[in-house]
Every structure is written in structure tokens, then in C-alpha cells.
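Here the structure comes first, spelled out in C-alpha cells, and everything after it is commentary.
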Amino acid sequence: MHFLLGNLTLESLPHEWFTVAGTATLILGGLFVGGLLTYFKRWVWLWKNWLTSTDPKKIGVMYIIVASLMLFRGAVDAAMIWLQQSIAVGAHNGYLSPDHFQQIFTAHGDIMVFFATMGFLFGLINIIVPLQIGARDLAFPFLNSLGFWLYVAGAILINMFFAFGGQFASAGWLSLPPLSEIAYSPGVGVDYWIWSLQISGLGTLIGGINFIVTILKMRAPGMKLMDMPMFTWTSLCSMLLVVSVFPILAITISLLWLDRYFGMHFFTSGFGGNPMMYVNLIWMWGHPEVYILVLPTFGVYSEIVSTFSQKKLFGYTSMVVAAFGITALACLVWLHHFFTMGAGSDVNAFFGIMTGVIAIPTGVQFINWVATMYKGKITFISPLYWFMGFLACFAFGGMAGVLMSLPGADYQLHNSLFLVAHFHTMIVSGALFGIFAGITYWFPKVTGFKLNESLGKKAFWCWLIGFILSFGPLYILGFLGATRRLDHYDAPGWQWLFITAGIGLLIIGLGALFQVAQIIVSIKDRKQNVAGNDPWNGRTLEWSTKSPVPFYNFAIIPTVTNRDQFWEDKQAKTQNLKPKTYSDITMPKNTAMAIYCSGFIFAAGFAFVWHITWLIFVGLIGAMVCVIIRGLDEHTEYTITAAEIEKMENIKP
Amino acid sequence: MSETTLEHHHEKTENARFGFWVYLMTDLIMFSALFAAYAVLRNNTFGGPGGGDIFNLPFVLTETFILLTSSFTCGLATVSINQKKLKQALWWLGATFLLGASFLIMELTEFHRLIADGNGPQRSAFLSSYFTLVGAHGLHIAVGLLWMIIAGIVAYKRGLTEKTASQLTRLALFWHFLDLVWIFIFTIVYLIGVL
């Protein structure tokens, strides 16, 4: 039996309220979606048009859908944390056991960073970057599909603990050793953590390589690097960071796995292992990861500010330099996460100064955005609202960060709720607000109709007010001495602050409801909200093609001579010229091989968690065979004739 | 094939080559993380043997020469590909394979000897990092050998097209890259360990 199932036994099946609830949600959710698909006879449609597609726009939409689900999943964790902290004071122990509470904040962090935010960003980059550079596809369409499905495999695996094992990692979102070692975390939780991150991280790495090649090699003829739109620039910076640091993550968690699986001693407390090496390695990935998350949204904001101010972006060159400055500095600050390691004043001073210096390129971007708006013809529309909200929150959170970059201050604030408030300010306003702004901004490009504006503004106000109410008290609590990850505290004076934070979360929840309503209402009213190809009087190439974008993106690849090419074309009134002749287009075929390959890798990951040796081999060899079969396939592309293109181009939307 | 399709294929090859370079750089970072771990842990022998006690330098030097020679024969295969001499290229590739396989067998022999002597990766942090760094290189060699078999058969069956030639060129890049990493392993792990 052990040969067949490894460490998996009947006791691994759900028997606690939250695992039963989680499993039931997974099963019922699956049945519900499956039922809908069967009822509407959409299985084949889903498989052919979406799941096996290599079209980056469709993959992007799927990324955003999965990321939305994971955002909801992470938000449920957040709500449970806040509920516990609102009631667990003095004699009350709250409703969660300490171990369960630890699992929740661990899962919350991992899901929000790896599966919600990263998913949204890859979604936006997939949809928009090829359009902005005038390309028809990515450099490696199959690898793009594979990257997406590995991300999905990771997202499923991180939720599998509900059904099998009943426990997630409880060692914090980065699973620091020696706590995460087998001696102190003997269960499968950390193994689920390792393999869901390893698999989705592999997908991210593949995506990073793909986008670097795409941006550097597949730009439209004439488009010089300094003609690229800002979002493409910052996406490139983000992907450069991905390929620089995700390999470190892969190795770091592999070493932890070797410790746990084979009894090695990289990070153990005995046998010469060095836990602080793990902390160094993981933050060499972890700090740049923050910039991987916010750099693309800096690009989104740049596009939005310039479009809705009807002005070209102020200080384009300095924007590019600043983005690269942030990219470089991102790799030189990791030690500020653990000044308390005691590396000595010289080392701490270096990393403290480097951290403070990051405020300079970020400040350059801020000033450029504001200068872009100065004397612009501003349309106050919800994407710009998100931007303004970001401007205020991010400046505040950034200053809190500069405060903590001083090692002396950090010794006080380290591990406190002040820090928690700081990084939530950065990620929520820096990444999440930008993602919402970007989705609103580019929604018409993908669907052909605009999102409901009034509901969008309501959602924004709820998010902003809720966010300030949630995290404002955490800054204060941090100063009062509340450490992070408290499942219980004895200071009754803190409770009202925790309750205020909880109320803030409820308001954020209301904002999320408005967003759901916004999408439903907008789909219902899509006839009234038809957007046209260029709804915002845009500047960059994505607005020059049809909405929704045809699968080949551009019937004729545009020739670029300017930054803001589409804007210049509009000034010269040459934007809608019909081409005299069309030519054949070669496009990649759909492929299911990425799904099979990710399925095998998923099986291997599950087998690693449970020590099912035969399944490990089946999974790894299966995945390798899939890649080989795909590599040998000579017929991965097909040609659309010029006549067909002409026919499609002449259909009125 | 029309001119645009040819151009399209050429662009694909070019992208694949550049993408492979980027991949190699990510692999290089993985190795540098392993090197860093080794550098941190190499003195943490926890009462067990250190590098000087267990490394057999003449044996490793032989390994090194075999791998360097395989890199040479791999380079000759590339030259033959550039001269469009497929048969000759496959012979050189075969020689590379044999040398690579010998290297791998020698490495496994060394691992086996160490484990049999009770100096396995569980013995101390130093040995964990040693086995992992050298083993990661060995794993890459194994993947390279597998790739060599497949790419060789495909090139034999399909002839020297732009696609198969580009495949073999990337394989050669990979092989030289592993050679380069090995030179660092030889220097940092073995030479510094023994001297």
C-alpha cells in the first residue's frame, strides 16, 4: 500500500471543519462549472477556443480569471485573520487554533503574491505587450501556454491540501527554516508550499524568457527601443528581474526540499546547516519580486496618465532610466529584510542606503506623472481615480519604507504590524490598484465594450476608504508594539484598532462586490457601451487595431517612426488608411500538449508531497515525453490567406 | 516555400537561439546560487571529512580532461554542421556522447564510493552542498546526453534543415556551457578543496 500511495492514508482525508468546507467548495465549484458547461454544451468550445489556445490575448484573459479566483481565495484568508484578531483579546482565544491561524496567514501571503498579483500581471502583459509592439504573437507561443498551465497547476496544488493532508504550511509565507525543516514541520504543509511555488515559479521563469525575446526581437519594423510604450518598458524590466531572480527561488526551495526529503543539511540547525543562508537566498529573490509586481503597474499608470491627460508622457527618457534604476537597485537591497541578523554596521549601512536610494527613481516617476497631468486636458475617469489613489497611498507607504530603511529604526519596527501595513500599502496601491486601472483601461480593447463607469467609481471609493481604514490602524498598532502574526494579544487597548481594520476590510469587500456588479452590468449593457477601436483617444499601437482584437492582431504589421505612433498617425490623419493589398499570415496552431505536460508535472508535484515514488517518475518522464513530442512536431503553424484576411477585415463590427 | 515563409522560419530560428541564450543565463544564476551555498557551507563539516580528505584529484582530473575533450569533439560537430556535412557531424556527436557518458559514469562512481564510505550527502552540510552542486551539473549532463540522442536521430532522419541545424547548435551551446560550469566546479570545489 505504501508503494501505491506513499504517505497518503485515510487520515489524510478531510475531517476538520475548514478542510471539509474547503474540499466541499472545490468539489461543488467544480460540479457547478461542469454542470453549466454541460448544460450549455460548451465543453468543446471551451477546449478548442480557450484551453488549448496559444493566442496570448486568450491566455491573458485566462490568467486574469484564475487570478481573480485566487484573489477571492486570498481575501477569505484575510477576512479570517482579521476576525480572529478582532476577538482574540484577553480571556478570549478567538475561533481559530494557533496552528490553524498560522496556516491561514501563510496561505494568504503565498496566494496573494504568487497566484493573485502575478497572475493579473502576466494576464495584462500577455494581452497588451504584443499589441503595443505591433507583433502578432509571442516568440514562443507553446511556451506561453505551458507557462500559463504550470501556473494553473501550482494554483490547484496549493489548494489540494484541503482534500489531501488537511494542513498547509504554517511557517510564514517564505517558510523560513529551521521552522520549515522536517524536524519542526513534519507534516505535508511545507511540501505543498514547496511544490506549488516550484511549479508556478517554473511557469513564471518560462514566461520571463518568452517576453524578453518577444520585446527585444519582435517589435514592428522601425520601432526602436526608445519608441516603445512605457508599459512595454516596465514589463521588460519586470521580466529581466524574473529571469534574474526566479532561478534563485527555484534553487532555494529545491535545497529546502533536499533537506526535507533526503535529510540533507543546508538549512538545518544541526550538522553544520545554516538557516540564515536560506533567509539571504530567499530575499535575494523576495525583494526583487516586489519590483516584479509593481514595475508593470508603473507602466500601466504611465499609459493611463498620458492618455487621460491627452498629453505625451512627460520625461519619457528619464522614465526609462528610472525604471532601469529601480530594476538594478532592486537586486541590491535584500538584506534590509533582516537587519537584525547582525551582519554588522557596515553591511547594514550599505543596504540601508541602497534601500533609501530607491526612493529617487521612484520619485522621478512620481514627478513625471504629475508633470504629465500639469496643463493636460484631463478626463477624470475611473482608471485615473485608481491612479490618484495610488499616488497618495504609495507616497505614504513609500515614506514608511524609507523610514524602515534606517537600520536603527528597523530594529524597532522589525516584525511589527507597521511593516505589515507598509508592504500592504505598497502592494495593494502599487500593484492591485494599477491592475484594476489597467483592466478598466484595456477592457474595451479585449471585449469591444467599456466597463460601467459609475459602478467603477463606487468600487474605487470603497477600495480606497476601506484600504485606509484597514491599514491605517496597523501603522498605529505597529508603533504601539503589536507584532505581526498575532493570533492572540493581552492589550485590550488594541482591540478597537483591530476592529476598525476589520470594518475596513468589509468596505473593501463592498468594493469588490461593486466590481463584480460592474462586470455583470457592463456585459448586460454591452450594446450601449460599444467602445470602437479607440475609445479613449489613445496614443499607442494597441488602439490602432480593431476592438475586440482579431486573433492575428494586425492585418498589416504597422511601421513605426515615432513614439506614440498611433497619436502621430491621427494628427497626420493617416490612421485609418485601408491597405491596398493584404498578405498571407502564419499563425501558431492550438495545442493541448501544454495541458498534458502541466498535468504530468502536477502529478509529479503531488507525488513529491506524498512520497509516491512511482508517480514521481511517471510525472517527470511524462512531462519530458510531452516536451519531446512537441519539439518533434513539424506542423505547429498554419497560414491564413490574404483573401481570408481581407474578408475578416471588412466585416463591420 | 515563399520568400516570406522563409523569412518567418529564419526569424523563428533567430528567436530560438536568443531565447536559449537567455535560458542559459538563468541556468547560470541557478548554478551561482549553488556555488554560493557551497562557499558558505564548505567548512561546515560537522566533525566529518573535509574536501581534502575525500577528493581524489587524479581521478577528477581525468574526468575533467574527458569532459574538455567532449567539448572539443562537440565543437568539431558544429564545424561539420556549418560545412553541411551531416554524417561527419553525427560521428563527432557520437564521440561527444561517449565521452559525456564516460564522464557521467565516473562521477557516479565517485558518488558511490563516497556514499559507501559513509560520506553521503546526509553526513554534513559540506557534503550536502558538495553533492548538490556536483550532482546538479551531472543532472544537466544527463539531460544533455538524452538531448544528444534525440537530436542526433532527428537530424539523421530529417537531414540537415534549418530547424535541425539550429537544434544541434543549441545543443552545442548547452554542452559548452556545462563544460564552463565544470571548470568552475573543478577549481572551486576540487582544487581549492584539496590544496
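Quick note: numbers below take in every heavy atom, side chains included, and nothing from hydrogens, waters or symmetry partners. Chain A is the first sequence line, chain B the second, and so forth, proteins listed ahead of strands; every chain is numbered from 1.
Only the side chain of A:Leu255 comes within contact range of chain B, with heavy atoms under 4.5 Å apart. Neither the backbone nor the side chain of A:Met284 comes within contact range of chain B, judged by heavy atoms closer than 4.5 Å. The contact between A:Glu637 and chain B is made entirely by side chain atoms (from C-beta outward), counting heavy-atom distances below 4.5 Å. Neither the backbone nor the side chain of A:Leu249 comes within contact range of chain B; no heavy atom of the residue lies under 4.5 Å from a heavy atom of that chain. For B:Arg158, the part lying near chain A is the side chain, with the backbone staying farther off; criterion is any non-hydrogen pair under 4.5 Å. Heavy atoms of A:Phe140 lying under 4.5 Å from chain B belong exclusively to its side chain. Heavy-atom distances place no part of A:Ile206 under 4.5 Å from chain B, backbone and side chain included. Contact annotation for B:Leu28: neither backbone nor side-chain heavy atoms come within less than 4.5 Å of a heavy atom of chain A.
Ring pair B:Phe65/B:Trp182: centre-to-centre distance not below 6.0 Å. Annotation: A:His265 is not in aromatic contact with B:Phe46 [ring centroid separation under 6.0 Å not met]. When ring centroids are compared, A:His337 and A:Trp283 come within the 6.0 Å threshold.
Aromatic ring pairs are classed by plane angle as parallel below 30°, tilted from 30° to 60° and perpendicular above 60°; the pair B:Phe111 and B:Tyr130 is perpendicular. Below 30°, between 30° and 60°, or above 60°: for A:Tyr278 and A:Phe267 the angle between ring planes is above 60°, a perpendicular geometry. Relative orientation of the B:Tyr38 and B:Phe126 rings is tilted, given thresholds of 30° and 60° on the angle between their planes.
Contacts with chain A were tallied for B:Val40, B:Thr26, B:Asp27; B:Thr26 has the most, counting heavy-atom pairs under 4.5 Å. If you tally non-hydrogen atom pairs under 4.5 Å between each of A:Thr268, A:Ile212, A:Leu632 and chain B, the highest count goes to A:Leu632. With chain B as the partner, the residue from A:Val245, A:Ile248, A:Val213 showing the most heavy-atom pairs under 4.5 Å is A:Val213.
Geometrically, A:Lys217 engages B:Phe18 in a cation-pi contact defined by less than 6.0 Å to the ring centre and at most 45° from the axis.
Results of the side chain to side chain contact (heavy atoms under 4.5 Å, CB included) test with A:Pro56 over A:Asp137, A:Ile125, A:Val129, A:Asn210 single out A:Asp137 as the only residue that passes.
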